[in-house]
Asks: 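Can you read through this structure? Questions will come right after.
Throughout, numbering of the chain's residues begins at 1 and tracks the sequence. Since this is a predicted model, take the numbers as computed values, not measurements.
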Amino acid sequence: MRRPDHQPSHWSVLGSGICALILTLGVARFAYTPMIPILHSETGMGEALAGWLAGWNYLGYLSGVLIVSRLRDLRIKDRLYRAGLLLAVITTLMMAMGESPVLWGLSRYLAGLSSAAGLMLGSGLILNWLIRHDHRSELGVHFSGIGLGIVVGVLVVAGAGLVWSWQGQWLALTLVGALLLIPAWLGLPTPDRGQPLTPRHLGAAPEPRASWLWLLQGAYVCAGFGYVINATFTVLITEQQPLLQGLGDWMWLLVGVAAIPAPILWDRIARRLGYLRTLQIAYGLQIVGIVLPVVSGTLLAAIISAFLFGFTFIGIVSLVLTMVGVRYPAHPAQIMARLTLGYGIAQILGPVLAGEVAEISGTFDGSLLVVAGLMVLGLICLQIMTRLAPHAPPSTPTHEGPT
């Protein structure tokens, strides 16, 4: 595909990033979640295999993050980003090609690589373009593509399921992904245009002490467990409630709807309260959402739980990564990679352990309670960090970000 030579508007660039997130996360990754109960009923896939496949997906994502953390050349990043877009379409097609766990595992691993390209490389390239062309770094708008991706995935799965079996649903997702590939590819220009970055983008305040970063690392690992159980098993957890059978896809749709405005809203809250206090609120709300399905099997509890998860999970990620850009403006990519490493390990272990426990016990209640406890531990880390805050620079916005 050829990219246009004319100067695009910043809205078209942001639009390409949103399409890329819908493709690499909404289709290649998150569509797997509403497909789990369908694969369970039509192919006999059990909870354990579902967890292992999710674990392979996160291993692929983590592998991609490690690769991205070592890249410096923007042109290489651009090529790998576009390769990730193609990979997202191919790996979705692979899920329709048979019932082999090996094939599915390979698909999920490669889809994880494409997710890292779409999220890490795509976000960095878009932010770099915005800065070089003197635009505001409106990545809150960009990250809304994650919530939109969830919504698109659910609607495609539900719509295709009215007329086709599980293979037809994966083929429908592949077609939608191929259509999204076009604006995602064409909308982002080459990264070597515009004015180079200057020292004015770097903050002059000293970096926080090492203990502050270790506490953030611990809190983010806990958030990884909090995220992955819900992101993988929300539909299945809902379907296992006797009064909620048939509503799993709609709960996952609600997750996506809540996630669309979340990054923008959390950024505005952080401007008033600061990043740490805002993160504490997000952790607290997510704990409530995790525990609700355990204490109540009602529709209202499921709705509140899905909404709270969608509203908080992307907010936590965007707040943490933005705070890293503020605290470590000279080398944010290295710190982001370090934090994402712990987050990714939690994403690998979480679904595997939860799936195995659920298959033995017949319920996800135990896994949800353990995850809620880990989120409480993460909240404690954030509270300790608040006491160390006077030794860190204030939470002021910055234009610096991953490149």
Asks: Suppose we screen for side-chain hydrogen bond (donor to acceptor under 3.5 Å, both in side chains). Which residues come up paired with Trp166, at least two apart in sequence or across chains?
Replies: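 side-chain hydrogen bond (donor to acceptor under 3.5 Å, both in side chains) check on Trp166 returns nothing, list empty.
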Asks: Given 3.5 Å as the limit, does a donor-acceptor pair link the side chain of Gln169 with the main chain of Val157, or not?
Replies: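 Checked: pair present.
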Asks: Rounded to the nearest 0.5 Å, what separates atom CG in Leu179 from atom OG1 in Thr174?
Replies: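 It is 11.0 Å, given to the nearest 0.5 Å.
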Asks: Do side-chain atoms of Tyr32 reach the backbone of Ala50 as a donor and acceptor pair under 3.5 angstrom?
Replies: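 Between the backbone of Ala50 and the side chain of Tyr32 there is a qualifying donor-acceptor contact (under 3.5 Å).
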Asks: Rounded to the nearest 0.5 Å, how far apart are CD1 of Ile303 and CG of Leu292?
Replies: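 It comes to 11.5 Å.
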Asks: For a 4.5 angstrom cut-off between non-hydrogen side-chain atoms, does Thr312 reach Trp266?
Replies: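 Yes, close enough: below the 4.5 Å cut-off.
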Asks: Using every non-hydrogen atom in the two residues, find where Ala28 and Arg108 come nearest and quote the distance to one decimal.
Replies: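 Looks like O-NH1, 2.7 Å.
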Asks: Tell me, do Leu279 and Met323 make a side-chain contact under 4.5 Å, heavy atoms counted?
Replies: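 Yes - at least one pair of side-chain heavy atoms lies under 4.5 Å apart.
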Asks: Applying the side-chain contact (heavy atoms from CB on, under 4.5 Å) criterion to Val152, which one of Leu155, Val156, Val154 satisfies it?
Replies: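 For Val152, the side-chain contact (heavy atoms from CB on, under 4.5 Å) check succeeds only for Val156.
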Asks: Which atoms form the tightest heavy-atom contact between Phe225 and Val371, and what is the distance?
Replies: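 Closest pair (atom of Phe225, atom of Val371, distance): O-CG1, 3.7 Å.
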Asks: Mind checking whether Leu216 and Leu339 have side chains closer than 4.5 Å, heavy atoms only?
Replies: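 SC-SC contact between Leu216 and Leu339 confirmed.
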Asks: Heavy atoms, side chains only, cut-off 4.5 Å: are Leu148 and Ile18 in contact?
Replies: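 Side-chain contact under 4.5 Å: yes.
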Asks: Which value, rounded to the nearest 0.5 Å, describes the distance between Phe309 atom CZ and Ile314 atom CD1?
Replies: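 One finds 10.0 Å between CZ of Phe309 and CD1 of Ile314.
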Asks: Could you walk me through whether Arg82 and Asp78 pass the salt bridge (charged side-chain N to carboxylate O under 4.0 Å, His left out) check?
Replies: CA-CA 6 Å; Arg82 297 177 193 281; Asp78 181 67; 3.1 Å; yes
Asks: Treating Ser114 as the side-chain partner and Ala111 as the backbone partner, does any N or O pair qualify as donor plus acceptor under 3.5 Å?
Replies: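 Here the side-chain-to-backbone pair exists.
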Asks: Considering all heavy atoms of both residues, which atom of Pro183 and which atom of Cys19 are nearest to each other, and what is their separation?
Replies: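 The pair with the smallest heavy-atom distance is CG-SG, 3.7 Å.
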Asks: Just by distance, with hydrogens left out, do Ser63 and Tyr109 show a side-chain donor and acceptor under 3.5 Å apart?
Replies: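 Distance-only check passes for Ser63 and Tyr109.
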Asks: For Leu110 and Leu87, work out which heavy atoms get closest and say how close.
Replies: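 Scanning both residues, the minimum pair turns out to be O-CD2, 3.4 Å.
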Asks: When rounded to the nearest 0.5 angstrom, what is the spacing between CG in Leu379 and CD in Gln383?
Replies: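 If we round to the nearest 0.5 Å, Leu379:CG and Gln383:CD are 4.5 Å apart.
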Asks: If we ignore hydrogens and angles and just use 3.5 Å, is the side chain of Ser305 paired with the main-chain N or O of Gly289 as donor and acceptor?
Replies: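 Looks like yes, one N/O pair under 3.5 Å.
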Asks: Look up atom CG in Leu14 and atom CG in Leu188, then write down how far apart they are to the nearest 0.5 Å.
Replies: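 Spacing of CG (Leu14) from CG (Leu188) equals 10.5 Å.
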Asks: Between Trp250 and Leu253, is any pair of side-chain heavy atoms under 4.5 Å apart?
Replies: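 In short, these two side chains touch, coming nearer than 4.5 Å.
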Asks: Do Tyr275 and Val320 pass the side-chain contact (heavy atoms from CB on, under 4.5 Å) test, and can you show the C-alpha distance, the side-chain angles, and the key distance before you say yes or no?
Replies: CA-CA 8 Å; Tyr275 291 114; Val320 168; over 6 Å; no
Asks: Look up atom OH in Tyr81 and atom CD1 in Ile126, then write down how far apart they are to the nearest 0.5 Å.
Replies: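 If we round to the nearest 0.5 Å, Tyr81:OH and Ile126:CD1 are 5.5 Å apart.
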Asks: Run the side-chain contact (heavy atoms from CB on, under 4.5 Å) test on Leu74 and Leu125 for me, step by step, so that the C-alpha distance in whole Å, both residues' side-chain angles and the decisive distance to 0.1 Å come before the verdict.
Replies: CA-CA 8 Å; Leu74 286 176; Leu125 288 167; 4.1 Å; yes
Asks: Donor-acceptor pair, distance only, cut-off 3.5 Å: does the side chain of Ser296 make one with the backbone of Pro293?
Replies: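 Checking the backbone N and O of Pro293 against the side chain of Ser296, no donor-acceptor pair under 3.5 Å is found.
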Asks: In the structure I gave you, are the side-chain heavy atoms of Leu113 and Thr91 within less than 4.5 Å of one another anywhere?
Replies: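 Answer no - side chains too far apart.
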Asks: Do Thr43 and Trp104 come within less than 4.5 Å of each other through their side chains, counting heavy atoms only?
Replies: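 Yes - at least one pair of side-chain heavy atoms lies under 4.5 Å apart.
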Asks: Starting from the C-alpha separation in whole Å, work towards a yes-or-no answer on side-chain contact (heavy atoms from CB on, under 4.5 Å) for Ile264 and Val141.
Replies: CA-CA 7 Å; Ile264 301 172; Val141 175; 4.2 Å; yes
Asks: Quick one: closest heavy-atom pair of Trp252 and Ile150, and the distance?
Replies: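 Heavy-atom minimum between the residues: O-CG2, 3.3 Å.
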Asks: Counting C-beta onward and ignoring hydrogens, is there a side-chain heavy-atom pair between Val317 and Tyr343 closer than 4.5 Å?
Replies: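 Of all side-chain heavy-atom pairs linking Tyr343 with Val317, at least one is under 4.5 Å.
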Asks: With side-chain contact (heavy atoms from CB on, under 4.5 Å) as the test, would you mind laying out the steps for Gln280 and Thr386 before giving the verdict?
Replies: CA-CA 10 Å; Gln280 290 171 20; Thr386 303; 2.7 Å; yes
Asks: Please check if the number of heavy atoms outside Trp170 that lie under 6.0 Å from its CH2 is greater than 12.
Replies: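 Atom CH2 in Trp170 is crowded, with more than 12 foreign heavy atoms closer than 6.0 Å.
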Asks: Heavy atoms only: give me the nearest Ser123-His142 pair and the separation to one decimal.
Replies: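 Minimum heavy-atom separation between Ser123 and His142: OG-NE2, 2.9 Å.
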